[in-house]
Visitor: 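The following block contains the structure, expressed as structure tokens.
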Amino acid sequence: MSDATQHPDAEAWDADAWAKACAEDLAAERARRRGTEGPPPGTAAEELRKLVDAVADKVASLRTPLLGMGAQDAVQQFVSQAKAAVEPVIERNPQVFDHLAAAGNELLAAYRSAVEGQERRWTRGPDAPGPGGKPGGKRDEDGPGTTEHIDLD
């Protein structure tokens, strides 16, 4: 006899076992990645706060004899004033920093798209069809230039 006739619900049992094994493997992989990658990044406001703290700590640790004590004190005062000015803004408007981070990502994507398009045009041969189907993408002598759509997404 075959397995299907011996166990009428063998396919359902195998599907459940497979799903359970996949879920266990996925959970183990996520746990492994959390261990190697560390905690996920926080909000943009938290990351800005960490950046300000790291810069302030680095400036505080710099002890160069070229600046002198007066200059070092001035730098310390500047850093503390900048930190004091940034903290209330972060506290009042944390969502603004998330919005600015998203806008920055969109600008980066638009820039990357424009650069990739320009690189394609630079590396394309002079006889290759360009925009408008004409070789090299040149415009007609008596007609208007070709237009080009730039995708910002």
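Only this structure's heavy atoms are used, side chains among them; waters, hydrogens and symmetry mates stay out.
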Visitor: For residues V55 and V89: do they belong to one hydrophobic cluster (side chain heavy atoms under 4.5 Å, members Ile, Leu, Val, Met, Phe, Trp, Tyr)?
Guide: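 Both belong to a single hydrophobic cluster.
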Visitor: Identify, with sequence neighbours excluded, every residue that meets salt bridge (Lys or Arg N to Asp or Glu O under 4.0 Å) alongside E91.
Guide: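 Salt bridge (Lys or Arg N to Asp or Glu O under 4.0 Å) check on E91 returns R49.
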Visitor: Can you tell me which residue pairs pass the salt bridge (charged side-chain N to carboxylate O under 4.0 Å, His left out) test with a partner in residues 95-112, sequence neighbours excluded?
Guide: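 Sorted pair list comes back empty.
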Visitor: CG/D53 to NZ/K83 distance, rounded to the nearest 0.5 angstrom?
Guide: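 That separation rounds to 4.0 Å.
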Visitor: Could you state the interatomic distance from NZ (K20) to CG (D25), rounded to the nearest 0.5 Å?
Guide: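 Output value for this atom pair is 12.0 Å.
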Visitor: Can you find a heavy atom in the side chain of I90 that is under 4.5 Å from one in the side chain of F97?
Guide: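 Yes, side chains in contact.
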Visitor: Would you check if the side chain of E46 reaches a backbone N or O of T43 as a donor-acceptor pair within less than 3.5 Å?
Guide: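 Looks like yes, one N/O pair under 3.5 Å.
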Visitor: Taking the side chain from T123 and the backbone from E119, do they hold a donor-acceptor pair closer than 3.5 Å?
Guide: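 Looks like yes, one N/O pair under 3.5 Å.
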